Amino acid sequence: MSIVSDIKKMVATSFQKLYNLEVDAANLTINQTKPEFEGDYTLVLFSFLKQLKTSPDKLGNEIGEALVNDFGEIFTAHNTIKGFLNLTISDDYWLRFLQENFKNKKYGTAPANHQKVMVEYSSPNTNKPIHLGHLRNNFLGWSVAEILKNIGYDTIKCSIVNDRGIHICKSMIAWQLFAKGATPESTGIKGDHFVGDYYVKFNEEYKSQVSELVKKGMPEKEAEREAPIMKATQKMLLDWEAGEPEVMELWEKMNQWVYDGFDVTYKRIGSDFDKTYYESQTYLLGKKFVEEGLQKNIFFRKDDGSVWIDLTEKGLDEKLVLRKDGTSVYMTQDLGLAEEKYKDYHYNKSIYVIADEQNYHMKVLQLILQEAGKPYADGIEHLSYGLVELPSGKMKSREGTVVDADDIIDEMVAVAKNKTKELGKVNDFEPAELAELYDTIALGALKFFLLRVDPKKKMVFNPEESIDFHGFTGPFIQYTHARIKSILRKENPEGDSLKDVLLKPEKDLLLQLEQYPSIVEQAAAEHNPSVLAIYIFQVAKSFNSFYAELSIMKAESKLKKELRLQIASLTARVIASGMHLLGIKVPERM
RNA sequence: GGCCCCGUAGUUCAAUGGAUAGAAUAGAAGUUUCCUAAACUUUAGAUGCAGGUUCGAUUCCUGCCGGGGCUACCA
């Protein structure tokens, strides 16, 4: 139980006792007291004034007095200013909290709640390597899954690989035309990049064929249809659907190259999956779903044979679920996949980490499942996140302004290396240790940068400014952790009981550390790792102030030393476990 | 056209309807015989515009201005 929820209960008790007023603890507003006032937590009184026909000062004083009298082991003082009741929590409370938790390895976790949640994230296309935008998706999905797991959910991370369709055929055609048998092995190019290069080649060739046809007098629309390379691609798609062996073989070969490349990147960034679905294996499932829906009159067939759902009563339009030629659209596949996932896992919740351009699609998906009366429909949640943009605007693959994931990681590692060498603090590290440290710092910086922003909001990535290891960054927090560890290598807290008067930097830290479990809960409830990122940063900042102002090893007394070692210990644990939930490692030294 | 999202210091981000709108960075000024200066301290700087609801609005409502997305028998 957190101190804030305890305060709410005690306040509710006081209202009951003093005014015989039933207040719901959930409706009380408790904030951290602003630094310019005396106190730790503050109760906002305004909402009760009318009801009780009293003045803010009178109410505040009466409640404050009751709290201090009845719960003296928690509250030591109160003051009321302009409708805000500021409460001071006793040092004993904080010391007890510290004593109970500084060794607790499970601090911030919750026991199993027997709820099953699927988190679908990453979900790449197999025609090009992953870029910065995908990284935001990967980091978010992984982190949200870990946060949920941490508070007791049975979590299944999954990915749906888009391994079929016209875009894959484009890479395949271009490879046939231009590669002359080249492979990732023969060229030394990472598989996903290799295939991506042929996707680019396709577009170049396509563009030039179209402009040639236009030059010969063909209308542009027609030229786009008639360009030989496009016709070949469409034929290849048909061949693929017919299972033509040569095409299947090429498809499997090129996809494998991509998977080999993805594996390297996934391993590097720490993405992992309990289950991978492949669209080639699931894209037909939706048809059955549509047939069932037709029988139940949830869908209807138009004269041309296409199948639709009428969502006008829900304020939306009619939505196509099956083409007139009987083939699946995107929605069909997603319906089938949702059903399949539920069959496989019987989840309580299913979270889709998908960019906000698909808000409408996800809304419709859930609506259709609800209309179809599916038991899992209400458990579907769209973790909608904003695009990552560059200072110059949106990333566009056609204009070559995409920040490639592997490239940006390499660049970050190079900067981490230079900076670390400059500082010269770890000259005694073995080469392997050094390489690991550079990776830890580089990925820490990148992940923290992408996770510290509210997922819902789009964000700007400035390649120059974003590679910063100072201030509100991952490395700042990693550095704080390393500093603490360097002390704890020399001496550990002995576990002696504490009794002392807390100094401000000590209390500031304890107050924040106590909030950790609530913060994790909040991050989980909101599917929002940025809450956690901001919190960890504040903890690190508080520790650095504490560290600058007070000596731990040369504390003024044995008791103070023990106290500060315990605080340092818990701080390191909170930082490490919080950063872990963001997928960020923390070094022992840096 | 219809629907949705976003406009906060120079810049990148915060702020369950609550006190004098917080950080970081860039700027200015300091701190190292003292546990790691990737740090700390001080300083200056912002709610697009106009109304409304409220004891109280960055937050809720309306209009305007500016930016983005969706509205495909693409995925």
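Not measured: the values here are computed from a predicted model. So you know, we letter chains A, B, ... as the sequences are listed, proteins then strands, and number each from 1.
A:Leu49 comes within 4.0 angstrom of no nucleic acid atom, judged by non-hydrogen atoms across all strands. No contact: A:Glu491 has no heavy atom under 4.0 Å from any strand. Within the 4.0 angstrom heavy-atom criterion, only backbone atoms of the sugar-phosphate kind lie near A:Lys50; the bases stay farther away. Nucleic acid contact class of A:Thr327 (heavy atoms, under 4.0 Å, all strands): none. At the heavy-atom level, A:Phe476 lies under 4.0 Å from the strands shown only through sugar-phosphate atoms. Using a 4.0 Å heavy-atom criterion, one finds that A:Asn162 contacts the sugar-phosphate atoms exclusively. The residue A:Asn86 sits close to a base: some heavy atom pair falls under 4.0 Å. Residue A:Phe472 is classed as a sugar-phosphate contact, given heavy-atom separations below 4.0 Å to backbone atoms only. At a threshold of 4.0 angstrom between heavy atoms, the contacts of A:Leu550 include nucleobase atoms, whether or not backbone atoms are also involved. The residue A:Met590 sits close to a base: some heavy atom pair falls under 4.0 Å. Note on A:Tyr330: a base of the nucleic acid sits closer than 4.0 angstrom, heavy atoms only. Among the heavy atoms of the strands lying under 4.0 Å from A:Val460 are primed sugar atoms or P, OP1, OP2 only; no base atom is included. Note on A:Thr480: nothing from the nucleic acid sits closer than 4.0 angstrom, heavy atoms only.
Atom CD of A:Glu226 has more than 12 heavy atoms from other residues, nucleotides or ligands within 6.0 Å. The 12-atom threshold is exceeded at NZ of A:Lys302, counting heavy atoms of other residues, nucleotides or ligands nearer than 6.0 Å.
Judged by atom type and distance alone, A:Ser545 does not reach the base of B:C40 through any side-chain donor-acceptor pair under 3.5 Å. In terms of polar N and O atoms assigned as donor or acceptor, the side chain of A:Ser530 never comes within less than 3.5 Å of the base of B:A14 in a complementary pairing. Within 3.5 Å, no donor on the side chain of A:Asn544 pairs with an acceptor on the base of B:A37, nor the reverse. Applying the 3.5 Å distance criterion, the base of B:C73 shares a donor-acceptor pair with the side chain of A:Asp304.
When the options A:Asp57, A:Asn61, A:Ile63 are evaluated for a side chain to side chain contact (heavy atoms under 4.5 Å, CB included) with A:Leu59, the one that passes is A:Ile63.
Closest to the side chain of A:Ser486, from the set B:U12, B:A19, B:U36, is B:U36. Nearest to the side chain of A:Lys458, among B:A19, B:G67, B:U36, sits B:G67. The A:His470 side chain lies nearest to B:U25 when the options are B:U25, B:C73, B:U36. In the set B:C34, B:U20, B:A15, B:U20 carries the atom at the smallest distance from any side-chain atom of A:Lys82. Residue A:Lys541 has its side chain nearest to B:A23 when only B:A23, B:A75, B:A14 are considered. Closest to the A:Ile487 side chain, of the nucleotides B:U71, B:U36, B:U25, is B:U36. Closest to the side chain of A:Arg483, from the set B:A37, B:G18, B:A24, is B:A37. Residue A:Arg323 has its side chain nearest to B:C73 when only B:C70, B:C73, B:A23 are considered.
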Practice problem: Go through the steps for A:Glu556 and A:Leu503 under the test side-chain contact (heavy atoms from CB on, under 4.5 Å), then give the verdict. | Solution: CA-CA 12 Å; A:Glu556 46 277 35; A:Leu503 298 170; 4.0 Å; yes
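Pairing of B:G10, defined by two Watson-Crick or G-U wobble distances under 3.5 Å, is identified with B:U25. Base pairing of B:G56: no nucleotide in any strand meets the Watson-Crick or G-U wobble criterion (both distances under 3.5 Å). With both pairing distances under 3.5 Å, B:U32 is matched to nothing as a Watson-Crick or G-U wobble pair. In a base pair of the Watson-Crick type (N1 to N3 plus N6-O4 or O6-N4) or a G-U wobble (N1-O2 and O6-N3), with each distance short of 3.5 Å, B:U62 is matched with B:A50. In this structure B:A37 sits in no base pair that meets the Watson-Crick or G-U test at under 3.5 Å. Across all strands shown, B:A15 forms no Watson-Crick or G-U wobble pair with both key distances under 3.5 Å. Pairing for B:U20 is absent, with no Watson-Crick or G-U wobble pair whose two atom distances lie under 3.5 Å.
Residues A:Ile534 and A:Phe472 form a side-chain contact, since some pair of their non-hydrogen atoms from C-beta on lies under 4.5 Å apart.
Between A:Tyr199 and A:Phe202, the ring planes are parallel. Angles under 30° get that label, and only those over 60° would be called perpendicular.
Judged by centroid separation below 5.5 Å and plane tilt below 30°, A:Phe46 stacks onto the base of B:G18. By the 5.5 angstrom centroid cut-off and the 30-degree plane limit, A:Tyr547 is classified as not stacked against the base of B:A39. The aromatic ring of A:Phe84 sits over the base of B:A19, with ring centres less than 5.5 Å apart and planes tilted by under 30°.
With rounding to whole Å, A:Gln478 atom CD is found 18 Å from B:U36 atom P. When rounded to the nearest whole Å, the span between NZ of A:Lys314 and C1' of B:U71 equals 20 Å. Between the CG atom of A:Asp428 and the P atom of B:U36 there is a distance of 13 Å, rounded to whole Å. Distance, A:Leu132 CG to B:U12 P: 16 Å, rounded to whole Å.
Remark: the separation of the P atoms in B:U36 and B:A15 is 35 Å, to the nearest Å. Taking atom C1' in both B:A28 and B:A9, the straight-line distance is 16 Å, to the nearest Å.
The existence of a salt bridge linking A:Glu433 and A:Arg589 is excluded, since no basic side-chain nitrogen approaches an acidic carboxylate oxygen closer than 4.0 Å. The pair A:Lys504-A:Glu549 does not count as a salt bridge, with every side-chain nitrogen at least 4.0 angstrom from each carboxylate oxygen.
One N or O on the side chain of A:Glu514 and one on the backbone of A:Ile3 form a donor-acceptor pair closer than 3.5 Å.
Distances shorter than 4.0 Å separate none of the side-chain N or O atoms of A:Lys490 from OP1 or OP2 on B:C35.
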